[in-house]
Amino acid sequence: MSGQELLRLEGAVENIVYRNEQNGYTVLEISDGDDYITAVGIMPTVEPGDKVALTGVFTEHKNYGRQFSAQACEVCRPTETADILRYLSSGAIKGVGPATARRLVEQFGEHTLEVMENEPERVALLKGISGEKARDFSNQLKANSGIRTLMLYLGEYGISNTSAVKIFNALGTGSVERIRENPYILCQGDFGVNFERADFIAKRENLELDSEVRLRAGIAYVLRHNEGNGHTCLPREKLLKTSVDFLGVGAEQVEDCMEQMIFDRSLIADKIGEKEFLFTPQMHLSEMYIASRIKMLLSFPAGQIQGIDKAIAGLEESEGIEYAGLQKQAINAALTEGMLVLTGGPGTGKTTTLNAIIKILQSHGSKVLLAAPTGRAAQRMSQLTGEEAKTLHRLLEVSWDKHDNPVFNKNEKNQLKCDALVIDEVSMVDCGIFESVMRALPLGCRLLLVGDSDQLPSVGPGNVLGDLIDSGVLPVVRLSEIFRQAQQSMIVTNAHKIVSGQMPVLNRTDRDFFFLYKKNKAEVTELITELCRTRLPKAYGYSPFDNIQVLSPTKKGEMGTAELNRKLQARLNPPAGDKAEATIGTRTFREGDKVMQIKNNYDIRWFRENGETGEGIFNGDIGIVEKIDRRSKVLRIAFDDKTAAVSFESASDLDFAYAITVHKSQGNEFDAVIIPMFPGPPQLYYRNLLYTAVTRAKKTLILVGLPQTVEAMVNNNRQTKRYTALREFLVRNESLY
């Protein structure tokens, strides 16, 4: 669409063909006097009878022909009585049908809409219309007028109608006045508006650089940005320096503002060790609550299971296995303590230990629930245990409020009904979701947390697993013995070498771990595409869509996921006459593409083959585009255990998944993993990241590139530094609740 001259189209709306009520996407027919024209775009309040002025371009749809793609929409309220009657009869105002519309127009004529909006007491004089109903009509008209005004205002600053709908839903009528007073409210919610855009609006509204609203917003923005890097808080001096640099004002002004924010608790200050740290109120509450709830659960533990040794012996006999000493220690701890953290690397018997714990609990009549952070992790947990496992979001029954913020139906007032909860892949769990789990966990419920503490921490803020282990407050069993069957795997052997700082064996070709030497970037990317397209499918029967996953430490550069995805899509799913395409933002998706959701979206509806339906597709979910319906602007995507209809607007949160970053691969396992090994920045090429990447492979692991890069990553024991406070809150002696 870029490069085309924008056109202006004026006319009357004749018919609404389709509307998505959640985001306002509309397909309508407009009369320009001579003919009907189909127009599409974000037009949430347009109704039949409206006179509109649309700005956009004409496009040619291969199925539906010529249509006008509207980027902006100005609506003129109908002024003629016939148009007003048609507008009200269309159902534009809830509660007004054709009969009521006719009575209103007969009474108030061409002033009907003004009276309905501004003088509801006159409307209430009509027979059959109560004062409450008249006020509701007024509120609806004000809302319609308000959102139109807001779209026009924000459109001047390049803010989409999609974002405008979200902003109006949050701020309500009077949105424009509130934004003019403080444009920075736009970057304080999930509206898709960054601080720089809000700053630009503020300059146009003549707000000073050192205005209090700007300083407050900038400081909070720096904290929230760092939450995206995993931090739940920042040292005061670091927040001060970063905010000064970011805002471009004096340190004294920023410090004074920080003091005021601490005073009114817009910021929370807390001393950890010898340093003062600053939190957003939400993050401070989250870590404080987790710590206090854990202490309470430890004070009111689940009852001890009796006859554990006999039960273990019985399992050994029935299963034909012999548990190692640490495994027996873990089983005993899980059944005698109220909480346990079970950790260890691949091949150390975590699953065998977990299965024993579950079976003994169930044999004693305990109801055990299983959960994991992602759909794939939950699916794998089900396969390994033989029990149903849910994602944490599904376990907690996610829904959303009127502002589209996620809320969990399982909470303090409606807790989980179970005697024991087992959570796998806890290294992926951030503070927010773990807090929600703690709120839903009843006293006396046993909690078993399973994960590999050597893997990367969660994408979201916090270091939950690491802080729980480091606190020393909870019982922890670390399995370390690699069992004989696992020793046959070079993936397992080399993973343990990597995590202990030793160079992995790269010259074996008879097992499951391969190193293929290539001396330059072009050769690396060419070999990776060939491995995906022909060599691995031919040798092992692997599908590049279902079994093979390329992992990269970075998004950028020739070895990054963006470039790898471009090349892999071209080779694995090239354009074809029978494949529909859709360009959304900078990406052109086509039927057959492998994609990943990169942001939680609680609005997307999904269904399963068994008839079950629900809502919510989450960060890290991988699927295949089955169908692109350009008329309804929807992509049908088959994810692992469900199929979802994703609107073109929501598809901006999709990326290609032929290659994904190591961070995005957490919680997943793939039959075959390919990793490019070429020099990169030390902050991205380090030991734990390589270890996490290698342990994603179940059957085949291939490194492609230079052995020097492998050696550099093994030797770079850079620990991902996160500023968090959970450990501190757990070890504090004073009560936190």
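All values below were derived from every heavy atom in this structure, side-chain atoms included, with hydrogens, water molecules and symmetry-related copies excluded. Just so it is clear, the structure is predicted and the values come from calculations on it, not from any experiment. We count residues from 1, following the sequence as given.
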Note: [X]-[Y] ion pair, threshold 4.0 Å (strictly below):
X	Y	result
D199	R197	no
E669	K698	no
K699	D512	no
K518	E526	no
K521	E563	no
E591	K579	no

Kindly indicate whether the side chain of [X], heavy atoms from C-beta on, has any atom under 4.5 Å from the side chain of [Y].
X	Y	result
Y723	P235	yes
L701	F514	no
H284	D270	yes
H496	P346	yes
W606	F639	no

Restricting to non-hydrogen atoms, name the atom on [X] and the atom on [Y] that form the minimum distance, rounded to 0.1 Å.
X	Y	answer
R478	I469	NH2-CG2, 4.2 Å
R636	T643	CG-CG2, 3.6 Å
V714	M503	CG1-N, 4.3 Å
I290	C431	CD1-O, 3.6 Å
A330	T353	CB-CG2, 3.7 Å
A651	L635	CB-CD1, 4.0 Å

Using modelled atom types and a 3.5 Å cut-off, is there a donor and acceptor pairing between side-chain atoms of [X] and backbone atoms of [Y]?
X	Y	result
R224	C187	yes
T724	L726	no
R587	D655	no
N547	S543	yes
N688	D454	yes
R727	D467	no
T692	L456	yes
N494	V505	yes
T529	T525	yes
D621	I617	no

*When the ring planes of Y658 and F545 are compared, do they come out parallel, tilted or perpendicular, using 30° and 60° as the limits?*
perpendicular

*Can you label the angle between the F195 ring and the Y221 ring as parallel, tilted or perpendicular, going by 30° and 60°?*
tilted

_Is it the case that over 12 heavy atoms from other parts of the model lie below 6.0 angstrom from the NZ atom of K241?_
no

_Approximate separation, where rounding is to 0.5 Å, of N717 CG and Y686 OH_ = 11.0 Å

*asked:* I'd like to know if the side chain of T583 pairs up with that of T588 as donor and acceptor (distance under 3.5 Å, no hydrogens or angles considered).
replied: yes

_CA sep, side-chain torsions, deciding dist, call: Q327, K350, side-chain hydrogen bond (donor to acceptor under 3.5 Å, both in side chains)_ = CA-CA 8 Å; Q327 287 182 303; K350 291 196 301 295; over 6 Å; no

*salt bridge (Lys or Arg N to Asp or Glu O under 4.0 Å) with E728: which residues, sequence neighbours excluded?*
R732

